[in-house]
Colleague: 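Below you will find the structure I want to go over with you.
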Amino acid sequence: CANGLNRERAKFYGLNDLETIILIHIGHMKNPSQKDISQKLGAPKQTVNNIIKSLEEDGQIELSQDENDKRIRILRLTSKGEKNRDARIKPIVESNKRIYEKLGEEKAKEIRDNLKLLTATIRGEFEKEDK
């Protein structure tokens, strides 16, 4: 329910397009490659590739070779990409601050801890089912 509400909230603020989601992830992941982004989002590689090409042509991201594997291209936001990403996520960041203020630090920490526990428990069940 919370995940669905959060998706609706993101859509309300215009954050439902894959380009925005990719910009956000490039800015928050350490040395992401196209493959990393595709796997993280569960999106088709070709779709992600098309968006990355478009973002690169627009000057929002740059690609550089991985130091260890020259076949891998690392994605980085340019200053233009950072500004675009920040402008797109500003409303949701402000909304998150209001929610946090309503909950208070102690309740927010309790919720985070419980969600981490739930996630770990679900992951553990999946791992058991894979065996």
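FYI, side chains are in, hydrogens and waters are out, and symmetry mates aren't considered; it's all heavy atoms of this structure. In this text, all values refer to a predicted model and were calculated from it rather than measured experimentally.
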Colleague: Rounded to the nearest 0.5 Å, what separation is found between the CD1 atom of I26 and the CZ atom of R76?
Modeller: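 Spacing of CD1 (I26) from CZ (R76) equals 11.0 Å.
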Colleague: Applying a strict under-4.5 Å side-chain criterion to I, L, V, M, F, W and Y, I'd like to know whether L63 and I51 cluster together.
Modeller: yes
Colleague: I37 vs M29, test: side-chain contact (heavy atoms from CB on, under 4.5 Å). Steps then yes/no.
Modeller: CA-CA 9 Å; I37 297 291; M29 293 173 71; 3.6 Å; yes
Colleague: How far apart are the closest heavy atoms of L41 and L18, and which atoms are they?
Modeller: CD1-CD1, 3.9 Å
Colleague: If you take all heavy atoms of D69 and D66, which pair is closest and at what distance?
Modeller: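 Scanning both residues completely, I find the closest heavy atoms to be N-OD2, 2.9 Å.
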Colleague: Looking only at heavy atoms, what is the nearest atom pair of R85 and L23, with distance?
Modeller: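 Residues R85 and L23, closest heavy atoms: CD-O, 3.8 Å.
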Colleague: Starting at CD of E127, measure out to CD of E125 and round the result to the nearest 0.5 Å.
Modeller: 10.0 Å
Colleague: Examine I74 and V48 and state if one hydrophobic cluster contains both, with Ile, Leu, Val, Met, Phe, Trp and Tyr joined whenever side-chain heavy atoms are less than 4.5 Å apart.
Modeller: no
Colleague: So how far is it from I92 CD1 to T20 OG1, rounded to the nearest 0.5 Å?
Modeller: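 The OG1 atom of T20 is 11.5 Å from CD1 of I92, to the nearest 0.5 Å.
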Colleague: Could you name each residue pair satisfying side chain to side chain donor-acceptor pair (under 3.5 Å) that touches residues 43-52, not counting sequence neighbours?
Modeller: Q46-N50
Colleague: Taking it one step at a time, do L103 and E110 satisfy side-chain contact (heavy atoms from CB on, under 4.5 Å)?
Modeller: CA-CA 10 Å; L103 291 172; E110 182 182 329; over 6 Å; no
Colleague: Kindly compute the distance separating CG (N31) from CD (E67), expressed to the nearest 0.5 Å.
Modeller: 8.0 Å
Colleague: Could you tell me which non-hydrogen atom of A43 sits nearest to which non-hydrogen atom of S38, and how far apart they are?
Modeller: O-OG, 2.6 Å
Colleague: Is any side-chain heavy atom of D58 less than 4.5 Å from a side-chain heavy atom of K80?
Modeller: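 A side-chain contact under 4.5 Å exists here.
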Colleague: If you look at every heavy atom in I24 and I89, which pair is closest and at what distance?
Modeller: CD1-CG2, 3.1 Å
Colleague: At what distance, to the nearest 0.5 angstrom, does CD of Q34 lie from CD of Q39?
Modeller: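 It comes to 11.0 Å.
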Colleague: Could you pull out the closest heavy-atom pair between G59 and T78, with the gap in Å?
Modeller: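 Taking G59 first and T78 second, the nearest heavy atoms are O-OG1, 2.5 Å.
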Colleague: Verify side-chain contact (heavy atoms from CB on, under 4.5 Å) between L75 and L55, making sure each step is shown before the conclusion.
Modeller: CA-CA 10 Å; L75 311 171; L55 289 169; over 6 Å; no
Colleague: Hey, could you give me the OG/CZ distance between S33 and R73, rounded to the nearest 0.5 Å?
Modeller: 12.0 Å
Colleague: Tell me which pairs pass side chain to side chain donor-acceptor pair (under 3.5 Å) where either residue lies in residues 112-123, with sequence neighbours left out.
Modeller: K109-D113
Colleague: Go through the structure and list residues passing side chain to side chain contact (heavy atoms under 4.5 Å, CB included) with I122, not counting sequence neighbours.
Modeller: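 Residues passing side chain to side chain contact (heavy atoms under 4.5 Å, CB included) with I122: L118, F126.
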